[in-house]
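Note on naming: letters A, B, ... go to the chains in the order of the sequence lines (proteins, then strands), and numbering restarts at 1 for each one. This structure is a prediction, so every number in the text was calculated from the model and none was measured.
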Amino acid sequence: MKMTYREALREGLTHALEKNPNVFLIGEDVGAYGGTYAVTKDFLQIYGPERIMDAPLSEVGFVGIGIGAALGGMKPIVEIMTVNFSLLALDQLINSAAIFRHMSAGQLSVPLVVRMTTGGGRQLAAQHSNSFEGWLAHIPGLKILVPASVEDARSFLTFALKGNDPVLIFEHALLLNRSEEVSSEPITISPFKALIRKEGPRLSLITYGGMLPRCLEAAMDCQELGLDIEVIDLRCLRPLDDRTIFQSIKKTHRVLIVDEGWRSGSFSAEISARIMENCFYDLDAPVARLCRKEVPIPYARHLEEAAIPQMKEIKAKIQEMLK
Amino acid sequence: MKMTYREALREGLTHALEKNPNVFLIGEDVGAYGGTYAVTKDFLQIYGPERIMDAPLSEVGFVGIGIGAALGGMKPIVEIMTVNFSLLALDQLINSAAIFRHMSAGQLSVPLVVRMTTGGGRQLAAQHSNSFEGWLAHIPGLKILVPASVEDARSFLTFALKGNDPVLIFEHALLLNRSEEVSSEPITISPFKALIRKEGPRLSLITYGGMLPRCLEAAMDCQELGLDIEVIDLRCLRPLDDRTIFQSIKKTHRVLIVDEGWRSGSFSAEISARIMENCFYDLDAPVARLCRKEVPIPYARHLEEAAIPQMKEIKAKIQEMLK
Amino acid sequence: MDKSELTILLFNMMRVRRMEELCAELYTQEKIRGFLHLYIGEEAVATGVMHFLRPQDNVMATYREHGHALLKGVPAKNIMAEMFGRTEGCSGGRGGSMHLISLPHRFYGGAAIVAAGIPQTVGLALAAKRLKDNRRSICFFGEGAMAEGAFHEAMNMAALWEIPVLFCCENNLYAMGTALSRSQSQLDLTKKAENYKVAAQSVDGMNIYEVLEKTKTALDYIQREGKPYFLEFKTYRFRPHSMFDPDLYRPKEEILKWKKRCPIEFLKNDLLSKKSITLEKINELDCMVEEEMQAAISFASMGSLEPVENLERHLYENDL
Amino acid sequence: MDKSELTILLFNMMRVRRMEELCAELYTQEKIRGFLHLYIGEEAVATGVMHFLRPQDNVMATYREHGHALLKGVPAKNIMAEMFGRTEGCSGGRGGSMHLISLPHRFYGGAAIVAAGIPQTVGLALAAKRLKDNRRSICFFGEGAMAEGAFHEAMNMAALWEIPVLFCCENNLYAMGTALSRSQSQLDLTKKAENYKVAAQSVDGMNIYEVLEKTKTALDYIQREGKPYFLEFKTYRFRPHSMFDPDLYRPKEEILKWKKRCPIEFLKNDLLSKKSITLEKINELDCMVEEEMQAAISFASMGSLEPVENLERHLYENDL
Ligand SMILES: Cc1ncc(C[n+]2csc(CCOP(=O)(O)OP(=O)(O)O)c2C)c(N)n1
Ligand SMILES: Cc1ncc(C[n+]2csc(CCOP(=O)(O)OP(=O)(O)O)c2C)c(N)n1
Ligand SMILES: [Mg+2]
Ligand SMILES: [Mg+2]
């Protein structure tokens with residue numbers, strides 16, 4: 001059975017709304033507009049305005065309302081239209097949602113799910129092309145999910161709602177139209193485990209989110225050139241399943257990390273540092289990183305492409321590393 | 001001549017206000033209250049309300065006003081009372097101030113200085129003890145200064161105002177009462193250079209901001225035990241002077257990074273990753289990190305102390321690494 | 001209102017006052033650390049509002065919340081233990097003075113980011129409305145918070161979606177050192193609420209009778225209409241903003257003028273003049289308060305420290 | 001107002017309209033990419049306001065700003081080249097449709113974070129006031145932006161500090177798919193401004209005469225009083241929000257009703273009926289517009305691409 005990432009997200013949401021009457025969706029244009037990326041088309045008609053709440057342009061406000069509703073016993077799913085606007089609501093997420101359980105010694109829980117579209121690659125220029133998921137993984141108390149496959153796009157919401165902690169789910173805009181084979185029933189592999197999407201002995205390519213498909217493509221191309229590498233999809237950035245990474249490195253001894261975030265202080269740095277700490281003696285060569293160039297994303301297509309890791313660049317890097 | 005960090009900040013501000021009539025200070029309680037940390041006591045009386053502007057509780061608003069005033073030809077110094085409240089204004093800093101020059105192909109500049117108090121260690125609990133300077137160093141287009149010495153507290157503002165880019169200056173609350181010997185005239189060592197605060201052949205201890213004094217103390221203690229290490233004060237996190245780090249490692253072959261930020265995705269990760277990329281073959285042992293434990297800072301003193309790297313812990317770590 | 005109820009109100013104000021005075025002392029003794037914000041002078045507000053609240057009602061307040069916590073039912077001993085940083089504290093010693101939290105009392109804190117609790121309380125109220133679980137939701141904040149965007153966004157949505165919140169603005173005229181008139185262009189705070197079509201009233205916050213009356217009106221309205229209501233309580237803090245505040249920004253005469261309007265003296269004198277209370281009774285109350293508070297302090301002093309190994313607990317659900 | 005001025009106004013509206021129509025075509029041809037938001041239907045607003053502005057005046061607008069840029073003096077060819085992603089574009093091809101920026105014209109963009117430009121314009125105006133450099137500062141934003149905290153914070157400070165900004169709200173009734181009445185509890189937008197003690201007027205944004213008259217009143221007031229002013233322009237976008245918008249949320253009849261009030265047709269017919277213009281003259285204007293726009297498109301098509309090596313330029317001051 002084939003399904004697109006968009007359909008998968010929709011199925012995940014449908015499932016959540018059908019299963020639990022305390023789940024509701026709130027965000028800008030989730031209702032009458034049908035969802036900025038058409039994920040929630042007709043939901044308003046189907047579930048009504050109490051469960052599909054079109055919010056005004058008030059990111060601090062409706063994220064705060066989501067936190068309060070979660071404290072009060074509901075299971076809110078807040079949609080921040082894109083990660084770019086999450087900057088307006090970070091205070092609520094970081095200095096409230098993430099800390100309430102710890103600061104109250106376990107009394108409070110904030111079972112809040114926040115979905116947002118992330119990533120560059122569509123010529124939307126600097127203000128609309130950010131990739132902050134890796135950066136936000138710095139915050140203890142949050143969980144950070146980055147579904148890269150259609151299967152994960154379908155099942156992650158269910159996992160997020162199962163727990164009682166704030167979870168941010170980053171849906172990559174470039175993946176929405178991707179179609180992949182999926183099983184008829186959602187597969188339930190915990191999102192808190194990294195998955196080896198392709199096995200191979202020569203190098204561990206570590207990536208997540210929007211970069212996964214192009215990494216896999218590069219790996220397939222390399223395969224044909226006789227360079228058989230392993231591709232790890234992190235799936236969740238916090239908590240990070242670093243065990244899977246370390247095990248892979250014991251086998252391959254070489255690592256390339258591909259991260260859509262700006263290089264300095266990106267999540268790739270944390271991965272590299274952990275490898276340093278845990279696999280130093282397993283490495284045959286220094287860990288390498290391919291990341292976003294450290295500039296705001298420009299509008300012009302060729303500049304944007306030069307700023308974000310592309311398949312060809314990834315492939316060339318693998319070849320260089322295995323020369 | 002002795003001077004406290006607080007007096008040094010005050011002298012820097014006085015100098016800036018005296019020298020350039022287009023400099024003005026805006027922020028919560030910078031005026032009538034005298035500055036939350038008494039840095040700007042009497043400034044309102046001396047410079048008047050046009051140059052010392054008490055802002056309402058409106059972080060998005062007055063940071064935005066600062067950006068606009070900078071675009072319009074002024075040299076605003078915005079004080080965000082503490083780094084904790086900067087979360088409310090990150091949209092303005094990240095998605096406007098940091099990008100305007102690049103997005104306009106060099107037409108616009110935002111010569112804005114933002115000062116904020118940072119750090120933990122005063123039993124102010126989770127919402128008031130954040131340490132975000134390393135995390136914000138992820139953002140291209142911003143410059144991130146972290147004065148750790150009284151001399152730097154005095155001179156950094158002058159440097160920040162010399163340029164025409166947005167600069168964030170993080171003043172560590174624990175340092176305010178520290179008194180140090182300073183020269184009679186401000187010393188002008190560019191903040192964009194890391195400084196070796198203590199030389200030594202055995203290990204490179206890399207740190208910045210509020211952690212510097214306790215690192216130096218640990219280094220001195222170790223010295224007495226015959227463990228002679230080098231202490232590097234980064235001074236500026238973006239752009240990072242990594243050359244100084246790499247040169248030190250060529251000599252010492254061992255590295256410990258002490259960072260007040262939460263470990264995962266802290267600035268220490270970026271340093272470790274760069275060392276991996278540039279000094280892999282110089283290292284005798286993996287780079288080690290001492291960071292904030294990954295929890296919101298608790299109020300109770302013993303818990304807070306356990307959460308933030310302390311002198312003793314640093315010393316023990318050095319000893320362990322040199323065993 | 002009968003004598004016994006009035007006596008309880010006086011008693012509650014006295015409890016809050018005394019607790020705050022002791023906190024100040026304990027702070028100078030360094031038993032309490034961090035930031036400490038006292039409510040002295042403003043007692044009639046929390047006392048009057050809390051009078052109507054039931055255990056199941058939700059409250060969010062600010063860092064100036066000791067009194068609110070106490071009157072919502074959090075025992076003084078757990079409050080004091082919290083400020084001493086002990087595990088017996090209502091937040092397990094992790095929160096301190098600014099973050100008194102007690103889920104059994106549905107006291108959600110104690111939040112120290114100005115205005116952040118306002119939309120959160122709207123969320124609590126939304127949940128209560130959807131779950132039909134018969135809880136009221138009340139939010140306390142200072143007049144300074146009304147300059148924050150969060151206030152504006154929350155008011156708009158509460159009005160738009162008819163979310164039954166009671167917004168209680170404690171207008172003590174200053175946000176730290178910044179006078180209201182130096183920070184907001186609209187000084188009539190009820191107009192700010194009304195402009196969002198939220199019903200609003202201004203209240204003399206030094207007069208417990210007026211606090212009671214107008215709070216009752218507000219709660220009845222919320223119950224009847226299912227819509228939000230805004231109360232501005234005009235009050236004054238007799239002490240500086242926090243223990244660090246040199247209090248340079250207010251004229252001494254202003255402070256004196258307001259101190260003359262002490263809400264506790266006001267009620268005491270009124271009850272005495274009406275012979276609704278005797279001096280002996282007041283002394284008795286004083287003793288009871290002292291006993292409660294001294295017991296709380298002993299309890300706190302004898303409290304235990306969370307083992308350092310537990311530092312990383314409670315970050316996520318299953319970190320027990 | 002004399003004939004020639006009115007002709008220029010008509011001409012300017014026609015220029016904006018035609019440019020937008022061509023943008024839509026070029027978008028389907030994939031010459032323009034990314035997000036594209038058209039101003040068709042709202043032309044009288046920018047045309048009327050810009051009529052009074054001088055080269056030195058500051059303007060900030062939104063992602064729906066092609067018309068504003070054009071009328072502030074940015075040449076059509078540099079606008080078009082920008083949307084083609086060419087170095088000859090006013091933002092060097094780095095900004096695209098949403099970020100037309102031209103410092104020589106003091107057109108600060110083209111900002112795509114809703115409401116972020118509002119405090120920034122207050123800052124521009126503050127600078128102009130302090131530097132006494134005789135610049136006006138004007139900010140355009142949609143009615144949706146008025147739900148953002150940034151709007152509220154900026155209005156308060158502009159009023160409090162008497163910062164002379166002209167706030168121009170283009171109320172086209174929808175923020176993407178969300179109708180004003182479904183997103184704000186206070187529907188009279190002037191009241192929101194007045195509540196901050198900012199003078200305010202509502203304007204029929206489809207009627208250029210009224211736009212001119214009320215803008216003039218506003219600018220005179222600002223000049224005279226040195227205080228901010230708020231104008232609400234009631235208008236309508238004839239097209240969907242952006243090229244991605246399926247436009248499912250508005251009744252067809254509503255769109256038709258508003259289209260009948262096309263501001264360009266209105267002015268044309270009025271001038272024709274008063275014999276202030278002839279059909280020939282209008283045809284001539286049409287031709288001039290077409291020529292300008294086709295020239296802009298050719299210019300853009302022949303534009304050059306920034307060498308990829310220059311990607312990292314312009315991040316900091318000395319990155320040339
Ligand atoms: C968002 C934010 N900005 C700044 C501060 C620092 N601060 C703490 S209390 C306060 C004044 C608040 O005044 P008000 O809301 O009137 O409450 P009051 O203290 O008078 O009860 C300020 C500026 C903060 N805690 N949060
Ligand atoms: C802070 C922020 N939130 C959300 C968006 C997504 N968005 C872009 S335009 C828009 C609607 C804005 O409506 P309005 O202010 O009325 O302007 P209009 O498009 O009608 O001209 C939204 C929600 C954004 N760009 N910025
Ligand atoms: Mg106050
Ligand atoms: Mg609109």
Point to revise | side-chain contact (heavy atoms from CB on, under 4.5 Å) evaluation trace for C:Phe233 with C:Lys214 | key: CA-CA 10 Å; C:Phe233 297 96; C:Lys214 297 218 170 136; 5.9 Å; no
Practice item. List the steps, then state whether side-chain contact (heavy atoms from CB on, under 4.5 Å) holds for C:Glu170 with C:Tyr39. Key: CA-CA 10 Å; C:Glu170 303 179 311; C:Tyr39 196 58; 2.6 Å; yes
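Listed options D:Gly149, D:Ala154, D:Ser185 were ranked by heavy-atom pairs under 4.5 angstrom with chain C; first place goes to D:Ser185. Between chain C and the options D:Asn195, D:Asn156, D:Val198, D:Leu187, the largest number of non-hydrogen pairs under 4.5 Å is found for D:Asn195. Among the candidates C:Lys192, C:His152, C:Glu153, the residue making the largest number of heavy-atom pairs closer than 4.5 Å to chain D is C:His152. In terms of non-hydrogen atom pairs under 4.5 Å with chain C, the most contact-rich of D:Gln184, D:Arg182, D:Met155 is D:Gln184. For the set D:Lys197, D:Glu194, D:Met157, the entry with the most heavy-atom pairs within less than 4.5 Å of chain C is D:Lys197.
Distance check, rounded to the nearest 0.5 Å: CE of C:Met176 to NE2 of C:His241 gives 5.0 Å.
Between C:Phe35 and C:Tyr63, the gap from one ring centroid to the other reaches at least 6.0 Å.
Judged purely by atom type and a 3.5 angstrom limit, C:Glu65 uses its side chain to pair as donor or acceptor with the backbone of C:Leu100.
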